[in-house]
Structures are given as structure tokens and as C-alpha cells.
Protein chains: 2
Amino acid sequence: MIQSVDRALRVLAVLQGARRRSLGEIAAAMGLAPSTVHGIVRTLLAHGMVVQERDTGLYRLGPATLKLGNVYLDNLELRAHAQPWIADLAAQTGCGVRVAVPLGGDVVVVAAAPTPDEVGIVVPAHACALGKVLLAYGMCTVTDPRPMTGETQLPPRDLGTVRRTGLANEVEEAVLGECGAASPVATADEVCGAVGLVVPAGAWPPAPATLDALRRAARGISRELGASSWPPRFAEESATA
Amino acid sequence: MIQSVDRALRVLAVLQGARRRSLGEIAAAMGLAPSTVHGIVRTLLAHGMVVQERDTGLYRLGPATLKLGNVYLDNLELRAHAQPWIADLAAQTGCGVRVAVPLGGDVVVVAAAPTPDEVGIVVPAHACALGKVLLAYGMCTVTDPRPMTGETQLPPRDLGTVRRTGLANEVEEAVLGECGAASPVATADEVCGAVGLVVPAGAWPPAPATLDALRRAARGISRELGASSWPPRFAEESATA
DNA sequence: AAGACCATTCGGCGATGCCGAACGCTAGTA
DNA sequence: TACTAGCGTTCGGCATCGCCGAATGGTCTT
């Protein structure tokens with residue numbers, strides 16, 4: 001782990017917390033001298049990862065981050081293969097559909113239907129069905145176990161059942177009035193994401209046919225990505241068995 | 001400019017060029033020893049900026065880039081204020097509408113209507129109307145003057161006219177069959193972006209009323225962002241005058 | 001079975017970036 | 001007007017941190 005690179009990425013993380021920050025604020029948040037942070041920020045500035053407001057001198061994230069994120073999406077086989085499946089699934093079920101990948105203790109939405117503007121949103125893994133799937137397969141780790149609503153269950157339960165059935169549920173644990181169900185998506189040798197439905201609390205639980213459609217989509221995407229079996233095997237579980 | 005941070009960002013830039021790359025490929029592209037790049041990549045890996053495929057060992061961009069890009073969009077006042085204007089403009093004119101910001105020699109689309117999935121795309125500044133506006137105000141610099149179609153004009157001409165009229169044009173310079181017109185958007189003290197129309201070659205030139213609507217939108221957004229006059233003054237031009 | 005490529009580890013030399021202090025600036029205040 | 005407080009920024013010296021070359025253990029190809 002290279003110190004200065006790690007610090008640069010931590011600067012970007014700090015900048016995610018607020019629209020704009022002063023150099024001193026960033027330095028204070030990281031416990032470093034302002035002049036140390038200045039060198040890092042100047043380098044980020046040169047690459048467009050951050051921008052500096054001309055009048056106030058404050059810093060914010062820059063457009064290079066957007067370019068980077070867009071290239072990531074374009075290069076993601078998971079997204080490309082999932083796109084037609086989730087469009088169908090949204091049409092069939094009338095629900096919102098999301099595909100997400102793990103990012104530490106969170107999940108990041110990489111595809112959505114019928115509302116593609118949900119791409120990019122980040123949800124704590126322990127508070128949504130998509131995250132529970134990824135927790136069950138060891139792709140996420142609970143880093144910040146704070147409840148988001150009064151319904152949030154801590155720690156996440158029944159992860160064994162998730163692996164057995166290929167389904168995870170969530171009832172108003174992230175957003176009141178919103179429930180979810182999700183299934184794992186895998187490549188030939190690991191779980192790489194999850195596909196899930198967003199269901200209004202009034203329509204919960206969904207019809208069995210809806211959950212079957214979800215699982216069919218998860219299996220279909222996984223097959224296109226090279227997976228041979230579904231639900232996927234959990235490497236660590238089968239190793240200890 | 002801190003060396004290792006700069007190298008880390010260049011690694012990300014290299015990774016934008018292809019879906020996946022081996023450590024050796026990245027090292028070769030940068031003229032460094034593989035072991036040097038390895039340390040950098042490991043740090044990026046720890047933050048989710050890159051991921052490593054379990055089977056092949058190859059590297060690609062990671063989901064943290066997507067999160068970063070999404071936060072950038074959420075924190076962008078330009079985008080928030082432009083959104084209703086471009087929705088109206090798209091409905092009135094029947095054209096595609098884009099809002100873009102400068103990024104070195106390119107422009108990055110940060111808002112679009114009626115097709116929001118165009119957000120994130122990157123176009124060389126010298127080959128599109130949006131970029132010509134930003135070149136005219138010194139927010140972009142031509143870094144890689146390669147024509148994209150047979151129509152691409154190099155170097156970009158009539159930038160003074162762009163500043164005088166608040167309008168830039170482009171006829172099939174980026175994509176054959178596609179033309180564009182764009183106007184500057186400014187805050188109180190600098191040009192921060194551009195708004196433009198995408199017009200099919202068959203519908204070019206657009207009606208004067210269409211261009212007026214474009215300019216009204218550009219002026220309206222600029223006013224909301226604190227600009228006092230429109231078209232905006234060009235700092236360097238007025239300083240030398 | 002041999003070769004080529006991969007990611008990865010290690011250790012020593014040296015360049016590199018860290019930090020404290022000083023600067024110029026703007027803004028708000030007495 | 002003078003004065004303080006905060007900002008971003010610059011500079012230089014010391015020591016640290018990271019760079020690189022070589023060596024390892026894999027896997028896949030020939």
C-alpha cells in the first residue's frame with residue numbers, strides 16, 4: 001500500500017462527503033498538514049479528478065471522475081448482459097429492477113430498469129436485499145452496522161438460507177415503504193453481483209411467479225457470464241465442508 | 001505534482017483504454033517496472049478503484065469509480081439548474097439537448113434530454129459545438145488535434161464570433177449525419193459549461209427560433225448560477241483590450 | 001518436458017515527498 | 001484605517017518512503 005496514493009484516494013473519499021471543502025477541512029479530516037494535502041490535491045487537479053472554484057478557492061470533485069465511472073460501466077460485461085434481462089423483468093413484473101456489485105460495505109447499482117437514472121446509487125449492504133446476497137457470498141463485509149430505518153435488522157440473518165434458495169428479502173430496512181428481493185449473479189468462478197426487485201410495501205410479498213421470474217433472470221445472466229450451476233456454490237463454504 | 005499519485009492516475013487512464021489489462025501491459029504503457037506498478041495497483045485495489053479478475057489476474061476499473069462519478073453529478077449545481085431547462089428545450093425543439101463541462105482537451109456530458117443515458121460520454125473539444133464554445137472561452141485546450149470525420153475543421157475557427165454571438169456550430173465534424181449548435185453557460189465569474197443541441201444533418205440548419213430558444217436556455221441557466229451578463233465576458237480578452 | 005508469461009515478494013539504494021514555517025491575499029472588524 | 005483571522009500557496013531540509021532489479025511460484029502453451 002503506497003502511502004501517497006492511499007492518501008490521494010482518501011482525499012477523494014473526503015470530497016464525497018460534501019459539495020465543497022477547503023484545503024484545511026480536508027487536511028483536518030485526514031489528520032495531515034495542509035501543505036501535505038496541497039501537493040496531493042494539486043496532482044488530482046492536474047488530472048481533473050478535482051476542481052477548484054475560482055472565487056472561493058474551495059475544492060470539489062472534478063469531471064474526470066464522471067468519465068472514469070462511465071468507462072467502468074461500458075467495460076462491464078455484467079451490465080451488458082443484464083440489460084435485456086432486466087428490461088424484460090421490469091415489464092413482466094411491473095417492479096423496479098436493479099443490478100448491483102459489491103464495494104466494501106456497500107453495493108453500487110450498475111444497471112436499472114425502467115429507471116436507468118438509478119445507476120450509480122450506493123446503499124449499505126446490510127440494509128438491502130441486493131447487499132444481503134453479496135454478504136451471503138462473502139463479496140461484501142459489514143463495515144458500518146448502523147440501522148437506516150427502524151426495521152433494519154442487525155446483524156443480517158439467514159444468509160445460509162440465501163445461499164440455499166438463491167433469494168434474499170428485505171422489508172423496509174433501507175427506505176420506509178420499500179421492500180426488495182434479490183438473487184445472486186455469478187461468472188464461472190465467483191459471484192460478481194446481484195439482481196433484485198424493488199417492491200412497494202403495499203405490494204409485499206410478491207407473487208411466487210414474480211420471484212420465479214427474478215430467479216430465472218439471475219440464472220440466465222449467470223449462464224451468459226459463464227456460470228455452470230445456479231444458485232452458485234460458495235467457495236469458502238464448500239472448502240470447509 | 002506528486003510522482004506516485006500522478007502515476008496512479010495514469011494507471012487509471014491506461015485502464016480506460018481497454019476492458020482489461022495485465023500488469024505488464026500497464027507497466028509497458030507507462031514505461032515503468034512491473035513491480036513499481038504493482039504497488040500502485042494494489043493500493044487502487046484496496047479502494048475499489050480497480051478490480052482484479054480472480055481467474056485471469058487481469059485488472060480493470062472498479063466500482064468505486066462509478067460511485068465517485070455519481071457523487072460528482074449530485075454535487076454539480078450546473079446539472080441541477082440545467083435539468084428543467086433542457087427538458088423544456090428538448091420538448092420545444094424536438095432535438096437532443098446536452099450540457100457539458102470541460103476536461104482538458106475533451107468535453108464531458110453532465111446532463112442530457114430526452115436521453116439521460118448520454119450522460120458521461122466524452123467528445124474531443126475541437127470536434128463538437130459544445131467544445132468550440134469552451135475553447136472560445138479558454139476552458140478547453142486542443143491537446144490531440146486529430147480529425148474525427150472528413151468534415152472536422154482544424155484548427156477550430158471563428159472562436160471570436162462564438163464569443164460575440166454566444167453560439168457555436170458544428171456540421172458533421174464529430175459524427176457523420178450529426179450537427180450541433182451550442183451556447184456558453186457561466187457563473188458569476190467564469191464560464192463553467194455549455195448547453196447544446198444535437199441536430200440531424202437533414203434538419204440543418206435549424207430555424208432561427210430554435211437557436212433563440214437555445215440562447216434563452218443558456219442565459220437562463222447562467223442567471224440562476226449567478227451570472228450578471230450574457231454572453232459572458234472572456235476574462236483574458238477583456239484584460240488585453 | 002521445456003519455455004513463456006503471469007502476478008507477486010523481497011531488500012537495498014536513493015530519489016522523493018513530507019512537514020513546519022513563512023508569505024500574500026481577502027474579508028470581516030474595531 | 002489598522003488589525004486580526006482565515007484562506008491557499010511556496011519553500012527548503014531531513015528522513016522516510018517508495019522505486020527498481022532480481023528471484024519465486026504459479027499456469028498455460030508449445
Side-chain angles (χ1 to χ4, degrees), chain A residues 1-15 17-62 75 187-190 192 226 228 235 239, chain B residues 1-15 17-62 187-190 192 226 235 239:
Chain A
M1 180 94 72
I2 284 160
Q3 187 187 58
S4 59
V5 174
D6 181 61
R7 288 176 172 179
L9 297 174
R10 282 174 53 208
V11 167
L12 293 177
V14 169
L15 250 26
R19 268 204 157 75
R20 51 189 122 240
R21 301 207 104 129
S22 74
L23 188 65
E25 282 173 342
I26 302 170
M30 298 176 57
L32 295 174
S35 60
T36 303
V37 178
H38 182 254
I40 296 170
V41 168
R42 253 182 72 87
T43 310
L44 293 170
L45 209 46
H47 288 261
M49 295 293 287
V50 306
V51 292
Q52 183 171 26
E53 298 182 351
R54 193 189 290 262
D55 49 352
T56 61
L58 301 183
Y59 295 98
R60 52 166 63 208
L61 290 178
N75 291 348
T187 63
D189 49 38
E190 67 179 338
C192 64
S228 50
Chain B
M1 178 95 69
I2 283 159
Q3 187 187 58
S4 60
V5 175
D6 181 60
R7 287 177 171 179
L9 297 174
R10 282 174 53 208
V11 167
L12 293 176
V14 169
L15 250 26
R19 269 203 158 75
R20 51 189 121 237
R21 301 208 103 128
S22 75
L23 189 64
E25 281 173 342
I26 302 170
M30 299 176 56
L32 296 174
S35 58
T36 303
V37 178
H38 183 253
I40 295 169
V41 169
R42 254 182 71 87
T43 310
L44 293 171
L45 208 46
H47 288 261
M49 295 292 288
V50 306
V51 292
Q52 183 172 26
E53 298 184 350
R54 192 189 290 261
D55 49 353
T56 62
L58 301 182
Y59 296 98
R60 52 166 62 207
L61 292 178
T187 63
D189 48 38
E190 67 179 339
C192 63

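Reminder, nothing fancy here: chain letters follow the sequence lines and each chain counts from 1.
No option in Leu58(A), Val50(A), Leu15(A), Leu32(A) other than Leu15(A) meets the side-chain contact (heavy atoms from CB on, under 4.5 Å) test with Ile26(A). Checked options Arg20(B), Arg21(B), Gln52(B), Glu25(B); the residue passing with Tyr59(B) is Gln52(B) (criterion: side-chain hydrogen bond (donor to acceptor under 3.5 Å, both in side chains)).
To the nearest angstrom, P of dT16(C) lies 14 Å from CE of Met1(B). Between Ile26(B) atom CD1 and dT8(C) atom P there is a gap of 11 Å when expressed in whole angstrom units. Between the CD atom of Glu53(B) and the C1' atom of dA7(C) there is a distance of 14 Å, rounded to whole Å. For the pair Tyr59(B) OH and dA7(C) P, the interatomic distance rounds to 6 Å; values are reported in whole Å. Rounded to an integer number of Å, the gap from CZ of Arg21(B) to P of dA7(C) is 12 Å.
Contact annotation: Arg7(A) reaches the phosphate of dC19(C) (side-chain N/O to OP1 or OP2, under 4.0 Å). Under 4.0 angstrom from either OP1 or OP2 of dC6(C) there lies at least one side-chain N or O belonging to Ser22(B). Residue His38(B) places at least one side-chain N or O under 4.0 Å from the OP1 or OP2 atom of dT8(C). Between Gln52(B) and dC6(C) there is no side-chain N or O to OP1 or OP2 distance below 4.0 Å. Residue Gln3(B) has no polar side-chain atom (N or O) positioned under 4.0 Å from OP1 or OP2 of dC20(D).
Nucleic acid contact class of Thr36(B) (heavy atoms, under 4.0 Å, all strands): base. Within 4.0 Å of Leu23(B), counting heavy atoms only, lies at least one base atom of the nucleic acid. Base engagement by Ser35(B) is indicated by at least one non-hydrogen atom pair under 4.0 Å involving a base atom. When heavy atoms are screened at a 4.0 angstrom cut-off, Gly39(B) is found touching no nucleic acid atom at all. As judged by a 4.0 angstrom heavy-atom cut-off over every strand, Gly57(B) is placed among residues touching the sugar-phosphate backbone only.
Other residues, nucleotides and ligands contribute more than 12 heavy atoms inside 6.0 Å of the CZ atom of Arg60(B).
Both Ile2(A) and Leu58(A) lie near DNA chain D, and the one whose nearest nucleotide falls closer to the 5' end is Leu58(A). Mapping Arg42(B) and Glu25(B) onto DNA chain C via the closest heavy atom, the residue that lands nearer the 5' end is Glu25(B).
Looking at heavy atoms from C-beta onward, Glu53(B) lies out of side-chain contact with Thr187(A) at the 4.5 angstrom threshold.
Counting all heavy atoms, side chain and backbone alike, Thr43(A) lies closest to Asp6(B) at CG2-N, 3.6 Å.
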